[in-house]
Every structure is written in C-alpha cells, then in structure tokens.
Amino acid sequence: METAIIPVTPITPTDNNDLVSSEVQPNKRRRKKSIVWDHFTVETVGDGCIRACCNQCKKSFAYITGSKLAGTSHLKRHIALGICPVSRQRNQQASDTKTANATYEPRKRQRATPGFANIPFNQECCNHEIAKMIIMHEYPLHIVEHPGFIDFARTLQPQFNMVSFNTIQGDCVAMYLNEKQRLLNFINEIPGRISLTLDLRISNQTVGYVFITGQFIDMEWNLHRCLLNVVMVPSPDSDCALQQAVVSCLSDWHLENRLFTLGLDQSFSNVNINQNLRALFSVRNPYMLHGQFLIGNCFARVLSLLAQEALWSVGETVKKIRDSVKFVKTSDTHEETFFGLKEQLKVPSMKDIFIDDQTKWNTTYDMLAAACELKQVFLCLETSIPDYNIAPSMDDWKQIEILCTYLKLFFDAVSILTGPTYPNASAFYHEVSKVQLELTHAAMSNDLFISNLTKPLKEKFDRYWSDCFLVLAIAVVMDPRFKMKLVEFSFSRIYGDDAGMWIKIVDDGIHELYLEYIAQALPPPETFVEERNGSIIPEQNGGVILKTEPPEDGYLHEEGYLQEEQTHEAAPQEVSHHEVAHQEDSHHDVAHREVSDQEVDSQEITHQEEASQEVPSQDPLISIGDGLSDFEVYISEISGSHQMKSELDQYLEESLLPRVQDFDILGWWKLNKTKYPTLSRMASDILSMPFSTVGPDSVFDTERKKMDNYHSSLRPVTLEALICAKDWLQYGGLSQSCDGNVKMEF
C-alpha cells in the first residue's frame with residue numbers, strides 16, 4: 001500500500017532564511033509510522049478537512065480539520081476492539097481455522113526444567129508419601145483403588161504404579177510401628193512417672209474403643225501429651241473392660257511401677273470399675289498418697305454436664321430465643337428488617353446472631369449472649385413484622401442474662417483446654433476454685449431464680465471438688481508464685497471459719513507425699529542396717545534415714561535426718577539381727593548403747609582415735625594443719641545439734657515470685673532442680689497430671705463421640721495404627737524420611 005501524502009501548498013523560502021510561518025506546512029514527504037495506516041486511507045473532503053477511511057468497512061473518521069489534528073486513538077479502537085464488523089468477522093474465521101488445524105499440528109517439545117531433570121523416580125518414597133497423606137487427612141485406604149485418584153497420580157508421574165489396598169495398609173502399619181519404637185525409647189528415658197487418661201467411644205455395632213493418652217515431662221522439662229493406644233473392647237459395659245485396656249497399655253509401653261495418675265470420664269464409670277482399677281494398681285503400681293492420685297474425673301466433662309443442666313432448667317426460655325433467631329436468620333427479608341432496626345436504634349453491639357449447634361454447648365452460649373445484646377431489636381421486631389409473634393418477654397430476657405452469667409463462668413474455666421498447648425496441672429486450680437466459690441455464693445443468693453438455678457449445679461460440682469481439691473491444691477503449691485498462700489486465701493473464701501481445717505489437710509498431704517519421694521530416693525536395701533525401733537540407717541554418714549516409728553531420743557525430720565544427742569560421729573559398723581535383739585533387751589538409749597564383745601574388732605580404730613583425743617598432744621601448736629580442720633569439726637558439731645530444714649520447708653518459706661502473665665513454671669523448676677533435687681522430681685510428676693480426657697475439639701461436646709462405620713470396619717491393628725500415627729504426625733514425632741520403614745503385608 002502506497003504512503004498517503006497530505007496535499008500542501010508549496011512555499012518558497014525567504015532570502016534571509018527566516019523560519020516559515022506556523023500556518024504554513026513544509027514541502028516535505030513525511031512517512032506515517034502508526035499501525036492504523038495499515039487499515040485506513042486519508043481522504044481530502046474539502047478545504048482544510050481531511051478524513052481517515054477504514055479500508056474494511058469504508059467508514060470515515062475525522063483526522064484533520066483546519067489546524068486541529070484529531071489524532072489516531074479513535075482509529076486504533078475501531079480496529080483493536082473489534083468495532084469494525086468486517087475485521088471482527090475475519091478474525092473469528094481465522095481463529096476457527098487455527099483451532100480446527102491444531103489437532104494435526106506437531107506438539108512442541110518442552111524443555112525440561114534444569115532443577116528436576118536429574119531426580120530419579122523412587123516408587124517407595126511415593127508409597128510412603130501416600131501412606132502419610134492417608135494417615136494425616138484420614139482418607140480411606142480404598143482411595144488407592146479410586147479411578148480418579150489413579151488417573152491423577154499417573155498424570156503427575158507416568159512411571160508410578162498405584163499400590164494395592166493391602167500394600168498401603170501394610171505401609172501405614174509399618175510407619176506406625178517405626179514411630180512407636182521411637183516414642184517408646186523416648187518414654188523409657190524420662191526420669192519421672194507418666195499419667196494416663198481414658199476415653200471411651202462406641203460404634204454402631206456396640207463395640208467399645210478405649211483411647212488411652214499419656215502425659216509426662218521429659219528431661220528438658222517439656223510437657224508432652226500423646227495418644228498411646230486405641231484398644232478395642234467387645235463389651236464396653238463390662239466392669240473389667242477398662243481394666244483390660246489399661247493392662248494392655250502398661251504392658252505395651254513398659255509402664256509398670258511408673259504410673260502416677262489415671263483420669264477417666266465418670267459418665268461411663270462406676271464403683272465396680274473404680275475398684276477394679278485400684279485393685280490392678282495395688283499389684284502393678286505402688287500407691288502415691290494412699291491412692292488419691294489414681295482415679296480422677298474429666299474437668300471438661302464435668303463442666304459440660306453443668307452447662308447442659310443449666311440450659312435444661314430454663315429450656316422453654318432458651319427455645320424462645322432459638323426460635324426468634326431462626327425466624328430472623330432463615331429469611332433474607334426478616335434479616336434485612338432486623339439489621340435495619342438495629343441501625344435505627346443505634347444498638348452498639350458488634351455481635352451477629354446465629355443458630356446454635358446443640359451438640360456444642362458453647363455455641364448455645366454464644367447465641368444467647370449475642371441475642372441478649374440485641375434484645376432491644378427483638379422487642380421492636382414485632383411492630384415491623386406482623387408474623388413475628390414469638391417475642392420473648394422482659395422476664396425471659398432477664399433469665400437468659402442470668403443464665404449467661406454462669407455459662408460464661410463455665411466457658412472461661414474450660415477454655416484453658418482449647419489453647420495451642422496443654423496447660424500444666426497448676427493452671428487448673430485457679431479455674432476450679434473460682435467455679436466452686438461462685439457456685440457456693442450463688443446457692444445462698446436471696447434471688448429465688450438464681451438459687452434454684454445454681455443449687456443443683458453446686459451439689460454436682462461439690463462431688464468433683466471433694467474428689468480433686470487436694471490434688472489441685474498440691475499442684476498449685478508447686479507454683480513458686482503462689483505456694484501455700486493461694487490455698488490459704490482461696491480456702492478462707494470458700495470455707496469461711498472452717499478454712500483452717502482444710503488448709504491443714506493440704507499441708508499434711510503435701511508433706512506426706514514429699515516423704516514418699518524421700519523414701520524412693522533411698523539406696524538399695526543391702527546398704528542398710530536394721531535398728532531396734534524398725535528404722536533404717538545407712539552405713540555412710542550423711543545418708544538418708546527413714547524411720548517407720550518415732551525414736552525415743554530423737555525425731556525424724558522431713559528429709560529423713562535423725563536428731564541425735566551425740567556430738568561425735570561413730571564409725572560405720574555391721575550389726576547382726578541377733579545382736580540387735582539382744583541390745584533391745586538391755587539398752588534403751590541408741591546414742592549411748594554399749595558395744596558387744598563381737599564388735600570390738602570392728603571399732604578398735606575408733607577407740608584408738610578417741611583415746612588419742614583424750615591424751616594431751618605433745619605438739620606445742622594448738623592448730624592442726626592449716627587451722628581450718630578444727631573449723632570443719634566445729635561446723636559438723638553444731639550442725640548435728642540443730643534441726644535441718646527439708647527442701648519442701650525451705651521452698652515454702654522462701655518469698656513468692658512476682659506474678660507475671662507469661663511465667664514459665666517448668667522452666668523455673670528446670671533451673672532450680674539442683675537446689676531442690678527431691679522436690680523437683682515430685683514437681684515434675686505433679687505438674688504433668690492431666691485433668692481432662694478429651695482433646696481441644698471435644699471440650700464443649702454435649703454427646704459422647706462415636707466411632708464411625710469406616711474406622712470400625714478396619715482391623716484393630718490398622719485402626720490403632722491410623723489413629724495413633726495421626727496424633728504423632730500432628731504432634732511432630734513422625735519422621736519425614738521414607739527410609740527405614742518395616743515392610744508389612746496383609
């Protein structure tokens with residue numbers, strides 16, 4: 001196509017080479033560079049008027065009018081945006097032709113990415129990742145037989161051969177066994193005891209599944225909580241069902257003589273079950289503090305039952321609120337009217353109403369709390385919507401507000417179980433004692449509705465409080481910010497004038513428990529000799545002495561040190577049982593007893609030393625050696641004449657630490673375990689006690705969880721492998737490597 005030339009009037013330059021006038025165009029042929037001129041032709045239609053004509057549709061557009069230049073933007077839009085009908089039709093035909101011929105065009109060879117070109121395909125690692133995916137997301141094992149998943153996997157990697165159901169089942173069990181061995185080795189290395197919780201789920205076939213969870217503190221003072229076993233019991237209603245599950249767990253994880261506490265849900269427990277469990281522990285596990293740590297209730301279940309009973313007591317009023325919320329939320333028109341009234345009334349609440357899930361009591365509380373803040377809108381809704389005839393009365397709203405007060409008390413208390421980390425045992429005392437105090441005060445209220453609402457709740461919670469107050473109190477004493485002071489303060493508010501008696505129970509209990517840990521720290525029995533009063537005295541000086549009866553001329557301190565009347569230490573000696581019996585008949589003072597003829601040889605050196613001390617020395621100097629040896633003798637003499645404080649008394653007498661929000665109690669005990677070696681072992685076991693048997697997702701459940709049909713159809717070993725391995729994977733214990741797995745075939 002020829003270049004369009006704009007016709008101009010030739011101008012003759014002036015002699016003095018002056019610039020031409022702005023109204024005159026130079027006589028020069030200038031090539032147009034815009035792409036629009038491939039589609040347009042310039043036409044002169046009159047004096048000073050030039051237009052651009054589309055070569056396709058022949059439509060004319062303004063270009064130059066007089067001295068004004070219209071530009072080319074509108075010309076570009078005509079072509080680029082498909083405004084030109086002829087150009088649009090031709091482009092569509094070209095696109096269709098290209099699509100039709102695309103099937104027959106050879107595919108371009110894709111160049112491989114340099115980073116992945118040399119990675120070899122590994123079938124075993126792929127199988128490992130599929131097994132981990134199934135465990136982590138609870139996919140059914142049959143997913144490996146689904147055609148859609150098979151096609152998807154082959155599209156990603158054509159070399160991959162999909163595994164069978166039996167193979168993937170074996171891979172999942174192998175992964176479970178590999179990680180179980182690692183966890184077993186880890187538990188065997190912890191210095192303290194372990195606590196267990198039991199939770200029971202029942203399938204539609206009435207088969208029971210006992211979930212056993214372990215909780216403990218490791219050598220670095222980190223709190224761990226992990227699922228240990230899922231044991232199938234054919235008859236969950238049997239009195240020995242839980243006993244069988246616990247025996248299996250203790251044997252499986254080598255926990256005989258290492259169990260500290262056992263928590264279970266009393267909703268599926270009874271007196272016979274508790275007696276069977278206690279009988280089991282008396283044989284396989286020594287009692288601590290007369291077995292008061294063995295059976296404990298689930299804190300979350302107890303508060304869930306209290307919340308359900310409170311909601312049931314005002315069930316008719318709660319139903320009115322729920323129906324009102326449904327009336328608004330199930331209609332767009334009603335909801336629009338409701339929020340319009342909220343804007344008109346200028347209600348400051350930022351909450352939105354919603355229909356509750358009656359299997360989670362916290363959602364019912366949230367629904368009622370939000371409705372209470374918007375009660376003015378509900379009261380005016382009847383005037384705006386004639387069909388709304390279920391509006392609660394002012395008395396109904398007052399009852400709901402009082403109900404929400406106590407539901408909030410329960411909600412705040414149990415919320416400590418919903419955090420990202422499980423709390424240590426000391427944190428539960430604050431919440432439990434607060435609930436006990438508030439219910440005790442509310443039950444004595446002059447308001448008839450409040451007292452009628454809270455009295456049944458207090459009676460139920462009193463049983464829980466009486467069972468666990470000692471354990472809770474001992475746990476909070478292990479917090480250096482509170483010790484016995486918080487117990488004294490809270491008991492004075494709960495028990496009033498009778499607080500002293502209950503405080504003494506806690507003080508005696510913690511000292512008795514401490515003495516049990518002292519007894520555990522004694523050397524092996526062969527290093528001890530028996531004394532006439534049944535006490536046990538170590539051969540080496542400075543060892544721990546445990547007495548079963550108080551001596552006549554001395555008394556036992558909490559660390560086991562005997563207050564003696566002697567000022568000099570006697571040399572170690574061996575005394576036979578016959579000799580001890582003879583001495584009991586002829587002597588009453590242990591400190592000044594005579595030595596029989598058979599013991600003369602063993603004490604000859606001692607008598608020589610005593611004789612040498614009685615004879616005046618020929619040395620003219622009074623001091624011996626560097627002069628400090630006498631000082632050490634002096635210190636040993638005065639130390640023997642004064643009562644030594646135990647670690648527990650020393651800890652309790654020290655001042656409280658400042659109460660800070662993010663205090664790390666386990667970290668504090670880790671730093672002070674050298675200062676309190678025995679007390680720190682006791683604190684480790686106590687602070688690891690669990691007070692709930694359920695996970696964070698089940699804290700607010702109103703119904704016991706059931707085992708679904710898929711899981712109940714699996715083999716017991718496969719079921720346990722899938723559920724336990726998922727817990728360990730979330731916990732962070734499952735390895736990411738595909739090496740070292742045991743191959744299992746089914």
Side-chain angles (χ1 to χ4, degrees), residues 190-195 215-225 260-261 263 293 296 299-300 303 409 411-438 468-494 503 506-507 509-510 513-514 517 646-692 696 699 731-732:
I190 64 173
R193 294 171 176 258
I194 188 170
S195 298
Q215 191 158 308
F216 55 91
I217 291 177
D218 64 12
M219 299 182 65
E220 297 298 324
W221 285 85
N222 299 311
L223 181 63
H224 299 267
R225 180 181 175 90
F260 188 64
T261 65
F293 290 145
F299 179 54
L303 290 188
L409 175 67
F411 177 83
D412 293 341
V414 80
S415 291
I416 63 173
L417 294 170
T418 60
T421 58
Y422 193 87
N424 62 75
S426 65
F428 287 90
Y429 179 83
H430 313 291
E431 306 302 335
V432 177
S433 62
K434 183 169 61 177
V435 173
Q436 177 68 17
L437 175 63
E438 294 297 340
C468 69
F469 83 93
L470 179 59
V471 179
L472 289 165
I474 292 177
V476 82
V477 170
M478 293 294 100
D479 192 329
R481 298 171 297 171
F482 304 110
K483 302 182 181 180
M484 282 294 296
K485 301 302 180 182
L486 181 61
V487 175
E488 296 168 0
F489 170 75
S490 56
F491 275 26
S492 63
R493 302 177 68 188
I494 295 174
I503 293 173
V506 176
D507 186 70
I510 194 171
L513 180 62
Y514 176 73
Y517 276 86
S646 67
E647 294 177 19
L648 177 60
D649 287 336
Q650 180 183 350
Y651 166 77
L652 294 177
E653 290 178 5
E654 290 181 350
S655 59
L656 302 180
L657 295 183
R659 190 166 64 91
V660 294
Q661 186 68 24
D662 297 328
F663 177 71
D664 183 7
I665 181 174
L666 298 183
W668 186 89
W669 278 106
K670 179 182 179 181
L671 295 175
N672 290 271
K673 64 181 179 181
T674 304
K675 182 179 180 181
Y676 305 110
T678 302
L679 191 61
S680 63
R681 290 192 300 108
M682 174 175 157
S684 174
D685 293 341
I686 291 174
L687 294 177
S688 65
M689 290 188 301
F691 285 90
S692 175
V699 167
Y731 184 70

Colleague: May I ask you to test the W668-D479 pair for a side-chain heavy-atom distance under 4.5 Å?
Modeller: no

Colleague: Find out whether L657 and F663 are in side-chain contact, i.e. whether some heavy atom of one side chain is under 4.5 Å from a heavy atom of the other.
Modeller: yes

Colleague: Would you call Q650 and K675 a side-chain contact if the rule is heavy atoms closer than 4.5 Å?
Modeller: yes

Colleague: What heavy-atom pair brings I494 and S433 nearest, and what distance separates the two atoms?
Modeller: CD1-O, 3.9 Å

Colleague: For the atom pair CD (E653) and CE (M484), what is the distance rounded to the nearest 0.5 Å?
Modeller: 13.0 Å

Colleague: With heavy-atom distances below 4.5 Å as the criterion, would you say the side chains of E431 and I416 are in contact?
Modeller: yes

Colleague: Donor-acceptor pair, distance only, cut-off 3.5 Å: does the side chain of Q215 make one with the backbone of R225?
Modeller: no

Colleague: Evaluate the criterion side-chain contact (heavy atoms from CB on, under 4.5 Å) for residue pair V476 and F428; output intermediate values, then yes/no.
Modeller: CA-CA 8 Å; V476 82; F428 287 90; over 6 Å; no

Colleague: Determine, stepwise, if the pair V471 / F691 fulfils side-chain contact (heavy atoms from CB on, under 4.5 Å).
Modeller: CA-CA 10 Å; V471 179; F691 285 90; 4.0 Å; yes

Colleague: What are the two closest heavy atoms between S195 and P690, and how far apart are they?
Modeller: CB-CD, 3.3 Å

Colleague: Supply the atom-to-atom distance L486 CG to H430 NE2, rounded to the nearest 0.5 angstrom.
Modeller: 6.0 Å

Colleague: Measure the CD1-CG distance between I474 and L687 for me, rounded to the nearest 0.5 Å.
Modeller: 11.5 Å

Colleague: By ring-ring contact (aromatic ring centres under 6.0 Å, His included), which residues pair with Y429, not counting sequence neighbours?
Modeller: none

Colleague: With rounding to the nearest 0.5 angstrom, report the NZ to CD1 distance, K670 to I217.
Modeller: 12.0 Å

Colleague: Got a donor-acceptor contact below 3.5 angstrom from the K483 side chain to the Y651 backbone?
Modeller: yes

Colleague: When you measure from the side chain of S684 to the backbone of S680, do you find a donor-acceptor pair of N or O atoms at a distance under 3.5 Å?
Modeller: no

Colleague: Specify the closest pair of heavy atoms between V435 and A413, including all atoms of both residues, with the distance to one decimal.
Modeller: CG2-CB, 3.9 Å

Colleague: Taking R493 first and then E488, would you say they form a salt bridge - that is, a charged N and a carboxylate O separated by under 4.0 Å?
Modeller: no

Colleague: Short question: side chain of N222, backbone of D218 - any donor-acceptor pair under 3.5 Å?
Modeller: no

Colleague: Return yes if a side-chain donor-acceptor contact under 3.5 Å exists between Y517 and D685, otherwise no.
Modeller: yes

Colleague: If I compare all heavy atoms of R481 with all of R659, which pair ends up nearest, and what's the gap?
Modeller: CD-CA, 4.0 Å

Colleague: Quick check against the 3.5 Å criterion: does D664 have a side-chain atom that pairs as donor or acceptor with the backbone of G667?
Modeller: yes

Colleague: Taking W669 for the side chain and M478 for the main chain, is one N or O donor matched with an acceptor at less than 3.5 Å?
Modeller: yes

Colleague: Shortest non-hydrogen contact from L223 to P423?
Modeller: CD2-O, 3.9 Å

Colleague: Quick one: does P480's side chain get under 4.5 Å of I665's, heavy atoms only?
Modeller: yes

Colleague: If the test is side chain to side chain contact (heavy atoms under 4.5 Å, CB included), which one of L648, I686, L470 qualifies with L513?
Modeller: I686

Colleague: Measure the CZ-CE distance between R193 and M682 for me, rounded to the nearest 0.5 Å.
Modeller: 12.5 Å

Colleague: To check you understand the geometry: which heavy-atom pair defines the closest contact between T678 and Y514, and what is its length?
Modeller: CG2-CE1, 3.9 Å

Colleague: With salt bridge (charged side-chain N to carboxylate O under 4.0 Å, His left out) as the rule and sequence neighbours excluded, what pairs involving residues 412-422 come up?
Modeller: K408-D412

Colleague: Could I get the full list of ring-ring contact (aromatic ring centres under 6.0 Å, His included) partners for Y422, not counting sequence neighbours?
Modeller: none

Colleague: Taking the side chain as every heavy atom from C-beta outward, state whether V506 and F469 have any pair of such atoms under 4.5 Å apart.
Modeller: yes

Colleague: If you measure from CE on M689 to CG on N424, what distance do you get to the nearest 0.5 Å?
Modeller: 10.0 Å

